[in-house]
Amino acid sequence: MILALDQSLTATGFLVANWGEVLAHGVIQTKPEKKKRNIGSMDDACRRTTFIIEGIMKEIREHNVRAIICEEYAGFSQSKAGADALATSRTIVCAISHIMDIPMFFIPVDDVKYAMTGERSASKDDMIKFASKEYPDVFAKYTSSRTRNGWAVKTEHLADAFGVYKAGRKLQAIKLLEQTLR
């Protein structure tokens, strides 16, 4: 079982698959609520982090995940809040990998896009379009008439997770892992 992630503090797209068969998928969403809850920034970040950890751990335990593949960020945000969120989302996955003793691999974002679309500069809409063609049963659940592109708001994170999985399966380490677990 492989867990592919498009990790972020706001919307973590995930896919659990075994030899190309999709077993679970979704988007773990969190929103900042420090003002709403009248709590400090660190307390809110802790609440959000805990929610993401619980969601990822649920998938790992439920599906006996043997490897984690994540999208490697192309660059860093220009804002401190954005950079902090990127660092937090990466730290979550690194910590889970270490604690659960599950190997983790990072895939450059351009390789993720190329694996899904054949283009290294594919847009979010391109990623969704190609992922939905390849996995129509999955993406049929994420359509929306309320958005400009016809997809639910966080669908791009799910499409990226599918791209991470496709790109990750080309890694020699993942090929060997799949062979030993078959």
Between [Y] and [X], is the closest basic N to carboxylate O distance under 4.0 Å?
X: Glu71; Y: Arg90; result: no
X: Lys113; Y: Asp110; result: no
X: Arg148; Y: Asp125; result: yes

Would a single hydrophobic cluster contain both [Y] and [X], if residues Ile, Leu, Val, Met, Phe, Trp and Tyr are joined by side-chain heavy-atom contacts under 4.5 Å?
X: Val138; Y: Val16; result: no
X: Ile69; Y: Ile60; result: no
X: Phe139; Y: Phe14; result: no
X: Ile52; Y: Met104; result: yes
X: Met116; Y: Phe105; result: yes

To the nearest 0.5 Å, what is the distance between [atom1] on [X] and [atom2] on [Y]?
X: His63; Y: Lys58; atom1: NE2; atom2: NZ; result: 6.0 Å
X: Thr30; Y: Arg47; atom1: OG1; atom2: CZ; result: 6.5 Å
X: Asp101; Y: Arg66; atom1: CG; atom2: CZ; result: 10.0 Å
X: Thr147; Y: Lys154; atom1: OG1; atom2: NZ; result: 12.5 Å
X: Tyr114; Y: Lys170; atom1: OH; atom2: NZ; result: 7.0 Å
X: Leu158; Y: Met127; atom1: CG; atom2: CE; result: 10.5 Å

Please name the pair of heavy atoms, one in [X] and one in [Y], separated by the smallest distance, quoted to 0.1 Å.
X: Ala115; Y: Gly163; value: CB-O, 4.1 Å
X: Ala131; Y: Ala159; value: CB-CB, 4.0 Å
X: Ala11; Y: Val27; value: CB-CG1, 3.8 Å

(message) As a quick check of understanding, evaluate side-chain contact (heavy atoms from CB on, under 4.5 Å) for Val22 and Leu15, giving each step before the final call.
(response) CA-CA 7 Å; Val22 176; Leu15 161 72; 3.5 Å; yes
(request) May I ask you to check whether over 12 heavy atoms, not counting those of Phe106, lie within 6.0 Å of atom CZ? (result) yes
(message) Within a 6.0 Å radius of atom CZ on Arg169, are there more than 12 heavy atoms belonging to other residues, nucleotides or ligands?
(response) yes
Would you check if the side chain of [X] reaches a backbone N or O of [Y] as a donor-acceptor pair within less than 3.5 Å?
X: Tyr165; Y: Gly20; value: yes
X: Ser97; Y: Val93; value: no
X: Asp160; Y: His157; value: no
X: Ser132; Y: Lys129; value: yes

(request) Would you tell me whether Tyr142 and His25 have side-chain atoms, one donor and one acceptor, within less than 3.5 Å of each other? (result) yes
(request) Evaluate side-chain contact (heavy atoms from CB on, under 4.5 Å) for Thr49 paired with Leu9, printing each intermediate quantity in order. (result) CA-CA 7 Å; Thr49 300; Leu9 192 56; 4.3 Å; yes
(request) Can you spot which of Ile56, Ile102, Leu3 makes a side chain to side chain contact (heavy atoms under 4.5 Å, CB included) with Ile96? (result) Ile56
(request) Quickly, which of Ile53, Asp43, Thr10 forms a side chain to side chain contact (heavy atoms under 4.5 Å, CB included) with Arg48? Name it, please. (result) Thr10
(message) Quick one, Thr12 and Leu5 - any side-chain contact, counting heavy atoms below 4.5 Å?
(response) yes
(request) Under the side-chain contact (heavy atoms from CB on, under 4.5 Å) rule, what do Leu23 and Met1 come out as? Steps first, then yes or no, please. (result) CA-CA 9 Å; Leu23 303 172; Met1 302 299 173; 3.1 Å; yes
